[in-house]
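Structure, as structure tokens:
Letters A, B, ... mirror the listed sequences (proteins, then strands); counts begin at 1. Quick note: numbers below take in every heavy atom, side chains included, and nothing from hydrogens, waters or symmetry partners.
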Amino acid sequence: MEIDLTKLNQPQREAVTCTEGPLLVLAGAGSGKTRVLTTRIAYLIAEKSVAPYHILALTFTNKAAKEMKERVQKLTGEDAGVWLFTFHGFCARLLSMEIDALGYDKRFSIYDEDDQQSLIGHIIKDLNLNDKVFSKRTLAGIFSDAKNHSLRPEEFLRQSYQPRQVLEAFSLYQKRLKEANALDFDDLLLKTIELFEKRPDVLAKYRDHFRYILVDEYQDTNMAQYHIVSLLAREHRNLCVVGDDDQSIYGWRGADIRNILEFEKDFPGARVVRLEQNYRSTDKILEAANRVIENNRGRKDKRLWTEKTDGFPITVYEGRTEREEAVYICDRILNGRRMGSRYDSFAILYRTHAQSRILEMILQSYSIPYKVYGGTSFFNRSEVKDVLSYLRLLSNPNDDVAFTRIINVPRRGIGNVAMDELRAEAQQRELSLFAVVLDPQTLSLRTRAKFAPFAHIMEAAFEDYGKKTFSVFAADLLKRIGYDAYLKEDKKENYEVRSENVKELLGYMSEFESSFDDPDGDLLQSFLSTVALFMNADNVDEQNGCVNLMTLHAAKGLEFDTVFLCGMEDGLFPSAQSKFDPEKLEEERRLCYVGVTRAQEKLFLTYAGSRMLYGQFTASQPSQFLREMGDAIRMPGGSSREQAAQKAAPVESFHAQTPPVHTGPQVFMGTKPATPKTVDKVLDWKDGDRVRHAIFGEGVIENVEGKGPSQIIRVRFKNGVEKRLTALYAPLTRLE
DNA sequence: GCCCCTCTGATTTTT
DNA sequence: TCAGAGGGGC
């Protein structure tokens, strides 16, 4: 097999063929990063005769891992046997083989954020902490932050002068995790490092095993990930990291941008390759992106360019309210649709989820199909988590969090009193909750009786396990539990959907079983850890026929023909919390860069002069990022042909005069935008107008009271219902 | 033990 | 605005 390098440009080719020694590939947005990584792997195998299992490739997301696997397979023509994992997946896999060296059982549980918080909740109670000061959320944040920033989180907490209570809570948290034979996400990384440090023989084994290491999205690595890579690669130094410092947007999650900025210091003699040719966007879009990002200090110098010249001008729109902004976006989408664009070629990107609400309302009123990404994903649904918790408890009987979740689901009449007694007993006897339930001699008769049915069910399940196929086993377990009946009774939510989800999970289990081919592995453990690390199952499906709505963070790595970047307002984007912190502001700017570079052909930047935030009217100024784009975006009085096109849109204006673009952060000082004079199709209601409401449907206006933002209109809807609505907020469109 | 109502607080979330 | 949590009443 030969690898075709002719399709690569010069720097790409260099990145593929420099196989020995440390290599930093600075891959700008849309510069063919994945192609380089996968071709490099294929090249190592085919041209350098490296055995696939000597190659380790690490990514951040399951999606990226999957995509790379598929592409490597395509290039090499077989399932190459390359170790291709997410960081966490790799660690979970390694620990499932080696963790007994650290005194854990190989069937450890992986605690996700919910599990973590539930555990922390009990710790707050047990330590009698004031939960106003030390809330679950706060503590979980502090703990994770410590684990992300340091290999010795206790020391980190001490050095950052955390109060005594935090230190106590943290050590109890770690103690309870250990007792539950559980690791949180951060532990997966830290325990791997601990293993390597404690057992040089194990480290030596894997060092020798992984002779070529590749890391994707290197700008997003945290301290622990850096150490893992460093430990494995330090000796042979065949380490290729690919990333873009300008797209580092997870600093708040512990990603340390210094890892990529100082790669050459960490690995002296490292080669640096810059991929600056962009294959995605037009020149106009790249110009705006470059203008913005140049305001950041301390970045690796690079500038994207493209052969795609003569692109559409970028449009800036100001709405008076978020409603107008949304209406404008919908108008543009319908317009694009009339010109032959598919709905799924549009993306609406925003800084916060809260912004999706109004967009959804207006999209609905226009009957535009859309999909919002980033809601509760499949594996996070309560019914799915319930079932998984039963399985988790069977796999790891020490898993107190799983036990606590399901002990009263379905309801078994077990409340605080019974649980308190159980906890006390468990503490006394130094056993897990489940262990006490299985051996309840010391519990009061009354409590014992309450737990007995549960104990019987689980004992029967233990008995059953291994005698049937995986999914049949689970289905039988659920029958015994009476889970379906519980879903039917529990009328909180749609029974059909929830029961369907459970079925889907069972289907997924049987699929997993049939593709499970690790003779030494434990099917249940392997399934549970895969699922635990696969919480974000909502991948963007490219041909879904829907307009795509998501946060800027979620948009990373994606591309769309037309992108609307909305809420381009000071205080929203950049967020108010980032405004006065130069580092945070730079991260917001990178986020803006990411957003802009998602667009292939058309980019719309929109903002509202005022919007409802936390139930309050908030007036706002255009985002400073808009001015930073300077004349890369359309200015008032501009003469170009788009001006004519703009007239079709309801309100257009962008008033800030652009000052020369300085380097470094700037504070917006422009004048307040004047109120646009164009006809406002939203506020100008009169009696007899026919309207459509997003929820109530069609109706006729009976009466209009008052003027301006407080205007109230009375509408009689077709279904006979009459409503008084605040015109400004009601999701209304006029029917001609 | 469970349900309902009031209070509170609020970015972003690859694993 | 609105979701989630905790307190109080049944």
Quick one: which of B/dT11, B/dT14, B/dT15 gets closest to the side chain of A/Glu113? B/dT15
So what does A/Lys136 hit on the nucleic acid, given a heavy-atom distance under 4.0 Å: a base, only sugar-phosphate, or nothing? nothing
What's the CZ-P distance between A/Arg412 and B/dC2, to the nearest Å? 12 Å
Compare side-chain N and O positions of A/Lys450 against OP1 and OP2 of B/dG1 and report whether any pair is under 4.0 Å apart. yes
Answer yes or no: is there a side-chain heavy-atom contact under 4.5 Å between A/Val25 and A/Lys33? no
Nearest-angstrom distance from the residue atom CG of A/Leu585 to C1' of B/dT12: 15 Å
Counting the atoms with a prime plus P, OP1 and OP2 as sugar-phosphate, which does A/Glu587 contact under 4.0 Å by heavy atoms, base, sugar-phosphate, or nothing? nothing
Any carboxylate oxygen within less than 4.0 angstrom of a Lys/Arg side-chain nitrogen, looking at A/Lys385 and A/Asp112? yes
Checking ring-ring contact (aromatic ring centres under 6.0 Å, His included) between A/Phe143 and each of A/Tyr173, A/Phe134, A/Tyr111, which is the one that passes? A/Tyr173
The side chain of A/His553 is closest to which nucleotide in this list: C/dT1, B/dT15, B/dT13? B/dT13
Any N or O donor-acceptor pair linking the side chain of A/Arg253 to the base of B/dT14 at under 3.5 Å? no
Between B/dT14 atom P and A/Ile110 atom CD1, what is the distance in whole Å? 16 Å
If we require ring centres under 5.5 Å and near-parallel planes under 30°, does A/Tyr250 stack on B/dT13? no
Please work out if A/Glu588 contacts a base, only the sugar-phosphate, or nothing of the nucleic acid, heavy-atom cut-off 4.0 Å. base
Within the 4.0 Å heavy-atom criterion, would you say A/Asp186 contacts the bases, only the backbone, or no part of the nucleic acid? nothing
Between A/Lys584 and A/Val417, who's closer to the 5' end of DNA chain B by nearest nucleotide? A/Val417
What is the nucleic acid contact for A/Asn408, judged by heavy atoms within less than 4.0 Å: base, sugar-phosphate only, or nothing? sugar-phosphate
For B/dT13 and A/Thr551 - does any side-chain N or O of the residue sit under 4.0 Å from the phosphate oxygens OP1/OP2? yes
Side chain to side chain donor-acceptor pair (under 3.5 Å) for A/Gln219 and A/Asp245? Distances and angles first, verdict last. CA-CA 5 Å; A/Gln219 77 282 355; A/Asp245 50 312; over 6 Å; no
Measure CG/A/Asp216 against P/B/dT15 and give the value in whole Å, please. 13 Å
Quick check: on DNA chain B, is the nucleotide nearest A/Ala418 upstream (toward 5') of the one nearest A/Leu552, or the reverse? Name the residue that is more 5'. A/Ala418
For a quick check of understanding: with a heavy-atom distance under 4.0 Å over all strands, which category does A/Thr59 fall into, base, sugar-phosphate or nothing? nothing
Among B/dT14, B/dT12, B/dT11, the one nearest A/Ala255 by side-chain distance: B/dT14
With a 4.0 Å cut-off on heavy atoms, is A/Gly615 in touch with a base, just the backbone sugar-phosphate, or nothing at all? base
In whole angstrom, give the distance that lies between atom OH of A/Tyr350 and atom C1' of B/dT13. 14 Å
Starting from P on B/dT11, measure out to NE2 on A/His353 and report it in whole angstrom. 10 Å
Please determine, for the side chain of A/His88, which listed nucleotide (B/dT15, B/dT13, B/dT12) has the closest atom? B/dT15
For B/dT12, does OP1 or OP2 lie under 4.0 Å from any side-chain N or O of A/Tyr373? no
Is the phosphate of C/dC2, meaning OP1 or OP2, less than 4.0 Å from a side-chain N or O of A/Arg357? yes
Working to the nearest 0.5 Å, report the span between CD1 of A/Ile348 and CD of A/Glu360. 9.5 Å
If I pick the C1' atom on C/dG6 and the same atom on B/dT11, what distance separates them, to the nearest angstrom? 25 Å
Among the nucleotides B/dT12, B/dT15, B/dT14, which one has an atom lying closest to any side-chain atom of A/Arg351? B/dT12
Measure from CG on A/Asn380 to P on B/dT13 and round the result to the nearest Å. 13 Å
Under a 4.0 Å N-O cut-off, is there an ion pair linking A/Lys191 with A/Glu194? yes
Between B/dT14, C/dT1, B/dC3, which nucleotide has the shortest distance from any of its atoms to the side chain of A/Met612? C/dT1
Can you tell me how far C1' in B/dT14 sits from the matching atom in C/dA3, rounded to whole Å? 25 Å
If you look at every strand shown and take non-hydrogen atoms under 4.0 Å, does A/Ile414 touch a base, only sugar-phosphate, or nothing? sugar-phosphate
Rounded to the Å, how far apart are A/Leu572 CG and B/dA10 C1'? 13 Å
Output field: ring centroids A/Tyr483/A/Tyr486 closer than 6.0 Å: yes
